[in-house]
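Below you'll find the structure, written out as structure tokens, and then a few comments.
The structure presented is a predicted model; accordingly, all values stated were derived computationally and were not measured. Residue numbering restarts at 1 for every chain, and letters A, B, ... go by the order of the sequence lines.
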Number of protein chains: 2
Amino acid sequence: MLDYLEGGLNLVKHLDEKSEALPDHIGWRLWQASRAWQAEFAAAMRVAGHGWFTEARAALLGHIPRVGTRQSTLIDRSAISKQAVQQLLDGLETEGVLERLPDPKDGRSKLVRYTHKGLDALRDGDRIKLQIEQDYIARLGQQRFAALMDALRALDARQAGAIDREAGV
Amino acid sequence: MLDYLEGGLNLVKHLDEKSEALPDHIGWRLWQASRAWQAEFAAAMRVAGHGWFTEARAALLGHIPRVGTRQSTLIDRSAISKQAVQQLLDGLETEGVLERLPDPKDGRSKLVRYTHKGLDALRDGDRIKLQIEQDYIARLGQQRFAALMDALRALDARQAGAIDREAGV
DNA sequence: GTAAGTAGTCAAGATGCTTGACTACTTAGA
DNA sequence: TCTAAGTAGTCAAGCATCTTGACTACTTAC
């Protein structure tokens with residue numbers, strides 16, 4: 001193997017770029033596409049003045065409906081530990097995007113709610129999502145885009161189903 | 001892994017209960033699908049005895065062809081800083097997955113090469129990828145799966161094009 | 001042969017996550 | 001009604017991943 005490398009950089013380059021293609025399986029493609037979307041969205045959000053926006057925070061916000069939610073619900077819903085959720089909420093609260101209120105129904109619990117600033121960001125986010133989607137449709141064509149969404153939704157349904165079976169539901 | 005999938009289940013539940021539309025845009029779907037694939041793959045790798053396997057390391061290994069590569073090439077190719085690449089390589093070297101050799105052609109440079117252990121992991125990884133893919137095909141159907149891959153490849157091509165334009169190529 | 005550029009390293013720090021240990025409150029049940 | 005168990009949230013410490021800045025060693029261009 002080293003013989004190849006010692007044989008000259010051109011050969012190595014050739015092997016790298018032509019003979020051994022970069023990964024082209026579904027996992028790699030999904031990862032690349034997801035990263036690209038995240039990067040595009042985050043950049044647009046920063047341009048729109050939401051400098052506090054990060055990927056981790058976005059992932060959490062994706063689980064908070066506009067009407068707000070209980071912190072414990074959020075913990076159940078997101079895939080991370082309650083301490084991680086709490087730390088992210090601390091940051092978002094400091095940024096003024098969210099606020100936490102005591103739950104009048106349960107003295108242990110807290111309600112997480114968007115501030116005005118948070119709702120503004122959601123609105124901008126929706127606009128940016130639509131813009132990116134329009135761009136994707138323009139490049140893929142309506143049909144291929146629809147097929148993409150359809151397949152992704154079907155995959156999601158399959159995962160929920162898998163859990164149902166595991167849980168004996 | 002299960003935590004994540006459970007999150008997906010709760011997502012569905014939430015839709016039923018509160019009927020507030022949760023994210024259903026392309027970015028969210030891509031993110032969910034990508035995370036699910038990563039989790040499934042990583043779990044299978046750990047079961048196969050590759051306990052050192054993590055997502056960050058996987059992302060780096062995805063850029064290292066079987067014949068190995070120069071560290072600087074790896075730095076160019078991956079989207080992270082050279083120091084981050086180095087730290088990941090340090091870890092993988094400690095785990096015995098990779099080794100670094102001086103480049104006989106360039107005294108500054110180092111060659112990154114898989115060890116026997118690393119090549120074993122690649123082989124298991126390929127097997128697992130195929131298994132997951134077969135599972136996806138079984139659930140989506142050949143046609144929908146092909147449409148998914150086609151759309152993802154088309155998106156990737158568009159991004160490469162965008163970069164080319166930015167670089168003035 | 002020297003100035004500029006490239007490859008890699010070392011160090012310090014930020015972010016995002018983890019586990020463990022804890023307080024405060026609610027609920028179930030003898 | 002007590003009390004034990006469970007739930008909601010917090011505090012603290014630590015790990016993994018990634019960043020920027022400063023540096024050494026080597027190569028290349030002129």
Query raised in the report: When we call it a touch if two heavy atoms are under 4.0 Å apart, what does A:D103 touch: a base, just sugar-phosphate, or nothing?
Result: nothing
**Report entry** Protein-nucleotide distance (B:L89, atom CG; C:dC10, atom C1'), rounded to Å
**Finding:** 16 Å
**Report entry** Check: B:G96 main-chain N/O paired with B:T115 side-chain donor or acceptor under 3.5 Å
**Finding:** yes
Query raised in the report: When you measure from the side chain of A:S78 to the backbone N and O of A:L60, does any donor-acceptor pair fall under 3.5 Å?
Result: no
Query raised in the report: Within this structure, what is the NZ-to-P distance between A:K82 and D:dG6, rounded to whole angstrom?
Result: 14 Å
Would you tabulate the nitrogen or oxygen pairs shorter than 3.5 Å linking the protein to nucleotides 12-17 of chain D?
residue	atom	partner	partner atom	Å
D:dT17	OP1	B:T54	OG1	2.9

Query raised in the report: Between the side chain of B:R57 and the main-chain N/O of B:F53, is any donor-acceptor distance below 3.5 Å?
Result: no
Requested in this report: Please state whether the base of D:dT7 and the side chain of A:R108 form at least one donor-acceptor pair under 3.5 Å?
Outcome: yes
Requested in this report: For C:dT9, take OP1 and OP2 only and decide whether either is under 4.0 Å from a side-chain N or O of B:Q86.
Outcome: yes
Query raised in the report: Does the ring centre of A:W37 sit less than 6.0 Å away from the ring centre of B:H25?
Result: yes
Report summary line: So CG of A:L111 and NZ of A:K105: to nearest 0.5 Å the spacing works out to 10.5 Å
Query raised in the report: So among A:R113, A:R100, A:K117, which one has a salt bridge (Lys or Arg N to Asp or Glu O under 4.0 Å) with A:E93?
Result: A:R100
Query raised in the report: Just how far, in rounded Å, is P of C:dA7 from CZ of B:R77?
Result: 13 Å
**Report entry** Rounded distance (Å) that lies between atom P of D:dA8 and atom CG of A:L74
**Finding:** 13 Å
Report summary line: Rounded to the nearest 0.5 Å, the CD atom of A:Q87 sits from the CG atom of A:L92 at a distance of 12.0 Å
Query raised in the report: Between B:S109 and C:dG8, is there a side-chain N or O to OP1/OP2 distance below 4.0 Å?
Result: yes
Query raised in the report: When you look at B:R70 and B:D106, which way does the salt bridge (charged side-chain N to carboxylate O under 4.0 Å, His left out) test go after all the steps?
Result: CA-CA 10 Å; B:R70 289 176 62 189; B:D106 187 335; 3.7 Å; yes
**Report entry** Rounded distance (Å) that lies between atom P of C:dT15 and atom CG of A:D90
**Finding:** 13 Å
Query raised in the report: Do B:K129 side-chain atoms and B:F41 backbone N/O form a donor-acceptor pair below 3.5 Å?
Result: no
Query raised in the report: Under 4.0 Å: is that the gap between some side-chain N or O of B:S81 and OP1 or OP2 of D:dT19?
Result: yes
Query raised in the report: Just how far, in rounded Å, is C1' of C:dT15 from CG of A:L60?
Result: 15 Å
Report task. Evaluate the ring planes of B:Y136 and B:F145, with Trp represented by its six-membered ring, and classify them as parallel (under 30°), tilted (30 to 60°) or perpendicular (over 60°). Result -> perpendicular
Query raised in the report: Contact class for A:Q71 (heavy atom, under 4.0 Å): base, sugar-phosphate, or nothing?
Result: sugar-phosphate
Requested in this report: For A:K105 and C:dT27, give me the distance from atom NZ to atom C1', rounded to whole Å.
Outcome: 17 Å
Query raised in the report: Per the end-axis method with five pairs at each terminus, what is the bend angle of the helix from C:dG1-D:dC30 to C:dA30-D:dT1, to 10°?
Result: 20°
Query - Closest-nucleotide ordering on DNA chain C, the 5'-leading residue of A:G107 and B:K110 - result: B:K110
Report summary line: Rounded to whole Å, CD1 of B:I80 lies from C1' of D:dT19 at a distance of 11 Å
**Report entry** Under-4.0 Å side-chain N/O to phosphate OP1/OP2 contact, A:R100 with D:dA8
**Finding:** no
